[in-house]
Peer 1: 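Take a look at this one; I'll ask things after.
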Protein chains: 2
Amino acid sequence: MRIPIDNAAAIGKIVRASRKAQKIRQDDAAGSIGVSENFLGKIERGSESVQWGKLFQVLEGLGVQVIVDVPENVAAYLNESASNKDKP
Amino acid sequence: MRIPIDNAAAIGKIVRASRKAQKIRQDDAAGSIGVSENFLGKIERGSESVQWGKLFQVLEGLGVQVIVDVPENVAAYLNESASNKDKP
DNA sequence: AATAAATCCTCGCGTTTATGAGGATTTTGC
DNA sequence: GCAAAATCCTCATAAACGCGAGGATTTATT
(Lines give C-alpha, C1' and ligand atoms only; values in the text may rest on other atoms or scores of the structure.)
Protein backbone atom coordinates (compact mmCIF):
# COMPACT_ATOMS: atom_id res chain seq x y z
CA MET A 1 0.00 0.00 0.00
CA ARG A 2 1.59 3.23 -1.20
CA ILE A 3 0.97 6.47 0.63
CA PRO A 4 2.19 9.89 -0.52
CA ILE A 5 3.79 12.10 2.14
CA ASP A 6 2.44 15.62 1.83
CA ASN A 7 4.16 17.26 4.76
CA ALA A 8 7.09 16.36 6.94
CA ALA A 9 4.91 15.62 9.94
CA ALA A 10 2.82 13.08 8.05
CA ILE A 11 5.49 10.45 8.42
CA GLY A 12 4.61 10.23 12.09
CA LYS A 13 1.21 8.71 11.48
CA ILE A 14 2.77 6.12 9.20
CA VAL A 15 5.24 5.14 11.87
CA ARG A 16 2.60 4.84 14.54
CA ALA A 17 0.24 2.84 12.36
CA SER A 18 3.04 0.52 11.31
CA ARG A 19 4.04 -0.10 14.89
CA LYS A 20 0.47 -0.68 16.06
CA ALA A 21 -0.18 -3.06 13.21
CA GLN A 22 2.56 -5.17 14.74
CA LYS A 23 1.12 -4.82 18.22
CA ILE A 24 4.26 -3.65 19.91
CA ARG A 25 4.70 -0.87 22.42
CA GLN A 26 6.71 2.30 21.77
CA ASP A 27 9.04 1.15 24.47
CA ASP A 28 9.86 -2.20 22.88
CA ALA A 29 9.90 -0.96 19.30
CA ALA A 30 12.32 1.78 20.25
CA GLY A 31 14.52 -0.67 22.09
CA SER A 32 14.71 -3.22 19.31
CA ILE A 33 15.34 -0.57 16.69
CA GLY A 34 18.00 1.08 18.77
CA VAL A 35 16.59 4.49 19.60
CA SER A 36 15.12 5.97 22.74
CA GLU A 37 11.45 5.70 23.56
CA ASN A 38 11.41 9.45 23.83
CA PHE A 39 12.73 9.75 20.30
CA LEU A 40 10.29 7.30 18.76
CA GLY A 41 7.47 9.18 20.44
CA LYS A 42 8.77 12.38 18.93
CA ILE A 43 8.70 10.89 15.47
CA GLU A 44 5.17 9.56 15.90
CA ARG A 45 4.00 12.96 17.08
CA GLY A 46 5.31 14.46 13.87
CA SER A 47 8.45 16.26 14.94
CA GLU A 48 10.31 17.62 11.93
CA SER A 49 13.57 18.18 13.68
CA VAL A 50 14.60 14.56 13.95
CA GLN A 51 17.65 13.35 12.10
CA TRP A 52 16.99 11.79 8.72
CA GLY A 53 19.34 8.88 9.32
CA LYS A 54 17.64 7.89 12.55
CA LEU A 55 14.18 8.34 11.10
CA PHE A 56 15.16 6.09 8.22
CA GLN A 57 16.49 3.56 10.69
CA VAL A 58 13.09 3.52 12.39
CA LEU A 59 11.24 3.17 9.08
CA GLU A 60 13.49 0.29 8.12
CA GLY A 61 13.00 -1.33 11.50
CA LEU A 62 9.24 -1.19 11.07
CA GLY A 63 9.27 -2.46 7.50
CA VAL A 64 8.32 0.81 5.86
CA GLN A 65 9.79 1.20 2.39
CA VAL A 66 10.62 4.70 1.19
CA ILE A 67 10.16 5.59 -2.48
CA VAL A 68 10.67 8.86 -4.32
CA ASP A 69 8.95 9.98 -7.48
CA VAL A 70 10.95 12.23 -9.78
CA PRO A 71 10.43 13.62 -13.29
CA GLU A 72 11.61 11.32 -16.07
CA ASN A 73 14.43 13.55 -17.21
CA VAL A 74 16.12 13.21 -13.85
CA ALA A 75 17.13 9.68 -14.72
CA ALA A 76 19.83 10.95 -17.07
CA TYR A 77 21.54 12.63 -14.12
CA LEU A 78 21.62 9.67 -11.77
CA ASN A 79 24.75 7.47 -11.92
CA GLU A 80 26.86 10.57 -11.63
CA SER A 81 29.36 10.76 -14.44
CA ALA A 82 29.08 7.08 -15.35
CA SER A 83 29.42 7.68 -19.07
CA ASN A 84 26.64 10.25 -19.18
CA LYS A 85 25.90 9.88 -22.81
CA ASP A 86 22.30 11.11 -22.70
CA LYS A 87 22.61 14.44 -21.01
CA PRO A 88 21.20 17.12 -23.38
CA MET B 1 9.79 7.70 -12.25
CA ARG B 2 9.76 5.89 -8.92
CA ILE B 3 12.99 5.06 -7.15
CA PRO B 4 13.27 3.00 -3.96
CA ILE B 5 15.56 4.38 -1.25
CA ASP B 6 17.69 1.58 0.13
CA ASN B 7 19.83 3.52 2.57
CA ALA B 8 19.63 6.93 4.12
CA ALA B 9 22.50 8.30 2.06
CA ALA B 10 20.83 7.37 -1.23
CA ILE B 11 18.56 10.38 -1.03
CA GLY B 12 21.57 12.55 -1.78
CA LYS B 13 21.94 11.28 -5.33
CA ILE B 14 18.27 11.93 -5.94
CA VAL B 15 18.60 15.49 -4.77
CA ARG B 16 21.65 16.17 -6.87
CA ALA B 17 20.16 14.62 -9.99
CA SER B 18 16.94 16.56 -9.52
CA ARG B 19 18.82 19.79 -9.16
CA LYS B 20 21.05 19.15 -12.15
CA ALA B 21 18.08 18.23 -14.28
CA GLN B 22 16.89 21.76 -13.68
CA LYS B 23 20.29 23.21 -14.45
CA ILE B 24 20.64 25.26 -11.34
CA ARG B 25 23.67 25.63 -9.10
CA GLN B 26 23.82 24.47 -5.48
CA ASP B 27 24.16 28.07 -4.53
CA ASP B 28 20.97 29.22 -6.20
CA ALA B 29 18.91 26.16 -5.37
CA ALA B 30 19.85 26.48 -1.72
CA GLY B 31 18.98 30.15 -1.74
CA SER B 32 15.59 29.77 -3.34
CA ILE B 33 14.67 26.85 -1.12
CA GLY B 34 15.78 28.65 1.99
CA VAL B 35 18.74 26.66 3.26
CA SER B 36 22.46 27.28 3.20
CA GLU B 37 24.62 26.14 0.32
CA ASN B 38 26.66 24.24 2.85
CA PHE B 39 23.60 22.36 3.98
CA LEU B 40 22.39 21.46 0.51
CA GLY B 41 25.87 20.18 -0.29
CA LYS B 42 25.74 18.04 2.82
CA ILE B 43 22.48 16.48 1.72
CA GLU B 44 23.77 15.77 -1.77
CA ARG B 45 26.86 14.13 -0.33
CA GLY B 46 24.64 11.77 1.60
CA SER B 47 24.84 13.06 5.15
CA GLU B 48 22.43 11.18 7.39
CA SER B 49 22.47 13.66 10.21
CA VAL B 50 20.42 16.35 8.52
CA GLN B 51 17.03 17.25 9.94
CA TRP B 52 14.09 15.50 8.34
CA GLY B 53 12.02 18.66 8.10
CA LYS B 54 14.70 20.54 6.22
CA LEU B 55 15.46 17.62 3.98
CA PHE B 56 11.78 17.39 3.13
CA GLN B 57 11.73 21.09 2.43
CA VAL B 58 14.54 20.59 -0.08
CA LEU B 59 12.79 17.64 -1.72
CA GLU B 60 9.63 19.68 -2.02
CA GLY B 61 11.56 22.59 -3.46
CA LEU B 62 13.03 20.38 -6.12
CA GLY B 63 9.79 18.68 -7.00
CA VAL B 64 10.62 15.31 -5.51
CA GLN B 65 7.57 13.46 -4.23
CA VAL B 66 8.03 11.14 -1.24
CA ILE B 67 6.00 7.95 -1.03
CA VAL B 68 6.01 5.15 1.54
CA ASP B 69 5.04 1.56 0.99
CA VAL B 70 3.51 -0.25 3.96
CA PRO B 71 1.84 -3.64 4.47
CA GLU B 72 -1.89 -3.67 3.74
CA ASN B 73 -2.95 -4.28 7.31
CA VAL B 74 -1.40 -0.99 8.36
CA ALA B 75 -4.26 0.86 6.71
CA ALA B 76 -6.62 -0.09 9.53
CA TYR B 77 -4.42 1.83 11.97
CA LEU B 78 -4.16 5.08 10.04
CA ASN B 79 -6.80 7.74 10.87
CA GLU B 80 -6.03 7.26 14.53
CA SER B 81 -9.20 6.46 16.43
CA ALA B 82 -11.52 7.76 13.72
CA SER B 83 -14.13 5.09 14.31
CA ASN B 84 -11.66 2.26 13.94
CA LYS B 85 -14.15 -0.34 13.04
CA ASP B 86 -11.80 -2.73 11.30
CA LYS B 87 -9.09 -3.29 13.85
CA PRO B 88 -8.90 -7.03 14.58
C1' DA C 1 47.12 24.32 -20.80
C1' DA C 2 45.21 28.01 -18.50
C1' DT C 3 41.42 30.49 -16.59
C1' DA C 4 36.96 30.61 -14.69
C1' DA C 5 33.18 28.37 -12.43
C1' DA C 6 31.21 25.13 -9.38
C1' DT C 7 31.58 22.17 -5.61
C1' DC C 8 33.74 20.68 -1.48
C1' DC C 9 35.82 21.17 3.02
C1' DT C 10 37.28 23.33 7.44
C1' DC C 11 36.72 26.46 11.24
C1' DG C 12 34.26 28.95 15.04
C1' DC C 13 29.95 30.15 16.91
C1' DG C 14 25.36 29.94 18.87
C1' DT C 15 21.64 26.82 19.00
C1' DT C 16 19.44 22.45 19.21
C1' DT C 17 19.39 17.62 19.44
C1' DA C 18 18.96 12.75 21.53
C1' DT C 19 19.05 10.46 25.66
C1' DG C 20 17.75 8.82 30.33
C1' DA C 21 15.04 9.31 34.19
C1' DG C 22 11.17 10.88 36.50
C1' DG C 23 6.56 12.19 36.91
C1' DA C 24 1.96 13.75 34.54
C1' DT C 25 -1.68 12.40 31.52
C1' DT C 26 -4.23 9.62 28.61
C1' DT C 27 -5.85 5.11 27.10
C1' DT C 28 -6.98 0.34 27.81
C1' DG C 29 -8.98 -3.64 30.13
C1' DC C 30 -11.70 -5.45 33.75
C1' DG D 1 -15.79 3.67 37.28
C1' DC D 2 -11.19 1.84 38.70
C1' DA D 3 -6.73 0.14 38.22
C1' DA D 4 -3.06 -0.92 35.17
C1' DA D 5 -0.66 0.03 31.15
C1' DA D 6 0.90 2.96 27.62
C1' DT D 7 2.03 7.33 26.03
C1' DC D 8 3.39 11.95 26.77
C1' DC D 9 5.99 15.64 28.81
C1' DT D 10 9.72 18.05 31.52
C1' DC D 11 14.38 18.51 33.00
C1' DA D 12 19.48 18.29 32.68
C1' DT D 13 23.56 17.10 30.13
C1' DA D 14 26.81 15.98 26.52
C1' DA D 15 26.94 15.85 21.76
C1' DA D 16 25.96 17.51 17.26
C1' DC D 17 23.66 20.60 14.14
C1' DG D 18 23.28 24.56 10.77
C1' DC D 19 25.12 28.70 9.38
C1' DG D 20 28.54 31.95 7.47
C1' DA D 21 32.87 32.84 5.62
C1' DG D 22 37.14 31.53 3.84
C1' DG D 23 40.05 28.80 1.19
C1' DA D 24 41.08 24.15 -1.28
C1' DT D 25 39.83 20.99 -4.94
C1' DT D 26 37.47 19.55 -8.73
C1' DT D 27 35.09 20.32 -13.12
C1' DA D 28 34.03 23.20 -17.24
C1' DT D 29 35.14 26.43 -20.79
C1' DT D 30 38.09 28.63 -24.05
Side-chain angles (χ1 to χ4, degrees), chain A residues 8-62 64 74 76-88, chain B residues 8-62 64 74 76-88:
Chain A
I11 202 79
K13 292 190 179 36
I14 305 289
V15 168
R16 174 158 298 177
S18 296
R19 174 177 62 79
K20 292 215 162 168
Q22 299 176 45
K23 304 246 190 292
I24 45 187
R25 314 191 319 222
Q26 261 187 6
D27 214 348
D28 296 338
S32 82
I33 292 173
V35 298
S36 72
E37 171 200 343
N38 208 329
F39 180 72
L40 179 54
K42 233 170 167 180
I43 291 183
E44 294 192 359
R45 266 172 265 129
S47 169
E48 308 188 354
S49 66
V50 297
Q51 290 184 199
W52 161 239
K54 286 200 199 277
L55 168 58
F56 188 85
Q57 185 181 338
V58 168
L59 293 172
E60 233 179 358
L62 290 173
V64 177
V74 169
Y77 293 88
L78 290 171
N79 312 323
E80 182 64 11
S81 78
S83 92
N84 0 357
K85 77 168 178 9
D86 294 332
K87 278 198 266 179
Chain B
I11 203 80
K13 293 190 178 34
I14 305 289
V15 169
R16 174 158 299 176
S18 296
R19 174 178 61 80
K20 292 215 161 168
Q22 298 176 46
K23 304 244 189 292
I24 44 186
R25 312 190 321 218
Q26 261 187 4
D27 216 346
D28 296 337
S32 82
I33 291 173
V35 298
S36 72
E37 171 200 346
N38 207 330
F39 180 72
L40 179 55
K42 232 170 169 179
I43 291 183
E44 294 192 358
R45 268 172 263 128
S47 169
E48 307 188 356
S49 65
V50 297
Q51 289 185 195
W52 162 239
K54 287 197 196 254
L55 169 57
F56 189 85
Q57 186 181 337
V58 167
L59 294 172
E60 232 178 358
L62 290 172
V64 177
V74 169
Y77 293 88
L78 291 170
N79 313 324
E80 181 66 9
S81 77
S83 93
N84 0 355
K85 75 170 175 44
D86 294 332
K87 278 199 261 178

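First the proteins, then the strands, lettered A, B, ... as listed; each starts at 1.
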Peer 1: Round to the nearest Å and state the distance from A/Asp27 atom CG to D/dC8 atom C1'.
Peer 2: 13 Å

Peer 1: So, taking the atom named CD1 in A/Ile33 and the one named CZ in A/Phe39, what distance separates them when rounded to the nearest 0.5 Å?
Peer 2: 10.0 Å

Peer 1: What's the separation between atom CD in B/Glu48 and atom CG in A/Leu55, rounded to the nearest 0.5 Å?
Peer 2: 11.5 Å

Peer 1: Quick check: does any side chain N or O of B/Arg19 sit under 3.5 Å from a backbone N or O of B/Ile24, one acting as donor and the other as acceptor?
Peer 2: yes

Peer 1: Might you work through the side chain to side chain contact (heavy atoms under 4.5 Å, CB included) test for A/Val15 and A/Val64, ending with a clear yes or no?
Peer 2: CA-CA 8 Å; A/Val15 168; A/Val64 177; 6.0 Å; no

Peer 1: Whole-Å distance between D/dT7 P and A/Ile43 CD1?
Peer 2: 14 Å

Peer 1: Within residues 45-55 of chain A, which residues have any heavy atom lying less than 4.0 Å from an atom of DNA chain C?
Peer 2: A/Ser49, A/Val50, A/Gln51, A/Lys54

Peer 1: B/Leu78 and A/Ile14: side chain to side chain contact (heavy atoms under 4.5 Å, CB included), yes or no, with the steps?
Peer 2: CA-CA 7 Å; B/Leu78 291 170; A/Ile14 305 289; 4.2 Å; yes

Peer 1: Send over the distance from B/Leu40 CG to D/dC17 P, rounded to a whole Å.
Peer 2: 17 Å

Peer 1: Going by side chain to side chain donor-acceptor pair (under 3.5 Å), A/Tyr77 matches just one of B/Gln22, B/Lys23, B/Arg16. Which one?
Peer 2: B/Lys23

Peer 1: Of the candidate nucleotides C/dC8, D/dT7, D/dG20, which contains the atom at the shortest distance from the side chain of A/Arg19?
Peer 2: D/dT7

Peer 1: With rounding to the nearest 0.5 Å, note down the distance linking CD in A/Gln26 to NZ in A/Lys20.
Peer 2: 8.5 Å

Peer 1: If each of A/Gly34 and B/Ile24 is mapped to the nucleotide of DNA chain C with the nearest heavy atom, which maps nearer the 5' terminus, i.e. the 5' end?
Peer 2: B/Ile24

Peer 1: In whole angstrom, give the distance that lies between atom OH of B/Tyr77 and atom C1' of C/dT27.
Peer 2: 15 Å

Peer 1: Calculate the interatomic distance between A/Phe39 atom CZ and C/dT16 atom C1'; express it in whole Å.
Peer 2: 13 Å

Peer 1: Nearest whole angstrom, please: distance from the P of D/dA5 to the NZ of A/Lys20.
Peer 2: 17 Å

Peer 1: With respect to the phosphate group of C/dC8, does any side-chain polar atom (N or O) of B/Arg25 fall under 4.0 Å of OP1 or OP2?
Peer 2: no

Peer 1: Nearest-Å distance, NZ (B/Lys23) to P (C/dA6)?
Peer 2: 13 Å

Peer 1: Judged by each residue's nearest nucleotide on DNA chain C, which is more toward the 5′ side, B/Gly41 or A/Glu37?
Peer 2: B/Gly41

Peer 1: Report the nucleotide, chosen from D/dC19, D/dG18, C/dA18, that has the shortest atom-to-atom distance to any side-chain atom of A/Lys42.
Peer 2: C/dA18

Peer 1: Rounded to the Å, how far apart are A/Gln26 CD and C/dT19 P?
Peer 2: 13 Å

Peer 1: Ignoring hydrogens and angles, answer whether the base of D/dG18 and the side-chain atoms of B/Asn38 contain a donor-acceptor pair closer than 3.5 Å.
Peer 2: no

